[in-house]
Amino acid sequence: MTELVWLVIALPLAGAGFLHFAGKYLREPLAGWLASAAIGGSFVVAAVAAVPFIQGGEHGTAVSLWDWMPAIGASMEILWDPLSALMALVVTGVGSLIHIFAIGYMHGDERFHRFFTYLNLFAASMLTLVLAGNYAMLFLGWELVGLCSYLLIGFWFTRPTAAAAAKKAFIVNRIGDLGLMVGLMLVFTTFGTLSYTGIFERAGDELTSGLATAIGLLFLVGAAGKSAQVPLYVWLPDAMEGPTPVSALIHAATMVTAGVYLVARSASIFELSTVAQVTVATVGAATAIWAASIALAQRDIKRVLAYSTVSQLGYMFLAVGATAYVAGIFHLMTHAFFKALLFLGAGSVIHAMNDEQDMYKMGGLLKKMPVTAVTMGIATLAIAGIPPLAGFWSKDEILGSAFERGGWFSVLWIVGLVTALLTAFYMTRQWVLVFLGQPRWDEGIEPHESPRVMTAPLVILAVLSVFGGLINTPLRLTLEHFLEPAFELVKLQHPPEGVGMFILLAGLSVLAGLAGAAAAYLAYNRSSDEWRGFEGGFEPLWGAWEKAYGVDDIYGRVIVAPGKRAAEAAAFQFDIPIIDGAVNGLGRVFRDLGEWARPIQTGYVRNYGALFLAGTIVVVIWLVAGGA
Amino acid sequence: MIVGAEWYMTVAAALFLIGAFGLLLRRNALIMFMCIELMLNAVNLTLIAAGRALNDLGGQVAVFFILVVAAAEVVVGLAIIVAIFRRRTTASVDELSELRG
């Protein structure tokens, strides 16, 4: 089965190709079902091919497809090992559910089939990224994912905000990509190849720690761009301009995890540099608390989730920085479940509210849309880290690993704990604002539960959000054993041993989660005057959070405005007067010359004859006088 | 009286000047054409005379070349003039000044 693993990429790619050319001849739901079938088939192939890993003891195999760029050791090859298998399963599994949800959500859109073309292309790109057997192919997927996110964020490109958000996402991603590209060049000059197997086996012997630090930090720049870490996270909240299934697929479950995957995949390189590890973890923890505090005060239902995603990605970076790769990937997986669920739930709510996204204008939706409310409630508890839901197990493993590593990581552990409190608060705030209390809807809105095609994926994801964490509990480390062959070259960081320590640490984080949730419930399950007063009590902090600390303004003033000025200077001070001036000036010289010589051509033969004769006489005189 | 090369040169110079001034002063295309022939033959005369005086066959060889080229030129030139005659009633070259800059 392993040699057929290329089908995992090929199926959605073929779906995208087919829909691109034939999509407009298909009637509405058919295009969506076709795309869903393509990615669903991909999931089935991945699941069957992953069976040997579940049985255990199986190592990765490289499946070579064809030579691509032999000079840099880059062939089209798939590395099918537990890590890539798990990523492929998450991408195709969660992706399938989102595809199905989108059939309902995109109902009536005039570019329905085009949307599914992009979704399938995106899935194929992401699968190329995670299944790649070398860094060149990873980079190919990395760039394609960026392109697809541009296409999907700007799907409703007639809205100026959507077009701007798409551009912003693309440009910020490019900044990160530059770091990754330089990092890959450094890898290539060091090893002479970009193939994973070649690099990781030799890294321990041939890589100096200085070089490992440099490569690690450059990879971090790339990962920070793609995975929305400080300071390159600003594109992700704006990316909410895309249709909600896009937010769920790209900005929650798959694309943004590429950075985490990159660090985990490059574990052998990070292994050699403590500096790089600490930097990754610190960036992660800083991102986690920074974004969580912004999420506290957002009014837009999707922006809360966007900042929440940024914050949760920070946790994953904290984990992989602490070399707790399994914990990071574990959280990546559980987060994919509950964040996809939250986004799809938010999509369901927005759909019901006639595209209203302001939570202050919602409320009381529990009775109107019970399925959405209950499933989102489950996701809220899961992300808040309430046992025994999925988020509890993965978050606790991250925090425990950071605690066990000690030193500076103890500080990061405390940051993570505070973030857990904030997370519980803003998620509960969202749920209470949307589903409880008095209706605050605008006139003429009739909320209704979404159709089956949308609620079914919600229910499946809710089940996964409840039980997904059980695959890696301290009692049964299934995921850890599953992933072990992929990380056999590195030392993994584990949470502290022993039941007592586990209960103490877990108790602390559960306490933080419960405190945050309870505080939010008490604060917001009141009349809107009361909770508005509660928010006002935090001024001016609340205003700063609501404006996301004004980071966009600062970037606008410090980077974008000078950039624009430089571009204008180049255009109007250099290009037009100097470059254009030189070209036009040369033309003008010859035009004037011609203008001056023009009267000579009178059109009268005798004038030409006279000139001819005069010339002849001059030449004759010159010759007679001795000449040359 | 010995008729030397100088005599021929003088006659050739006179012929050439007649041709040149004729070309500059007349307006009839046919006459101008004849003036050009006059100038060509003046040059031929100098070449013959110089060749004879210097005892060099090169002068006569050059004349043959000029005669051949002149014959070809007459064919083309007369054809152009006939074509102009057909389109216009006049043969005055001053009417044909469309190519002024």
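Per chain, numbering begins at 1; letters A, B, ... match sequence-line order.
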What would the table of donor-acceptor pairs between chain B and chain A look like if you include every N and O pair under 3.5 Å, whether backbone or side chain?
unit_1, atom_1, unit_2, atom_2, d
B:D94, OD1, A:R606, NH2, 2.6
B:D94, OD2, A:R606, NH2, 2.3
B:G101, N, A:Q601, O, 2.6

Check your understanding: Any chance CE of B:M34 has more than 12 other-residue heavy atoms, nucleotides or ligands included, within less than 6.0 Å?
Key -> no
Check your understanding: Can you pull out the residues in residues 6-23 of chain B with any heavy atom less than 4.5 Å from chain A?
Key -> B:F16, B:A20, B:L23
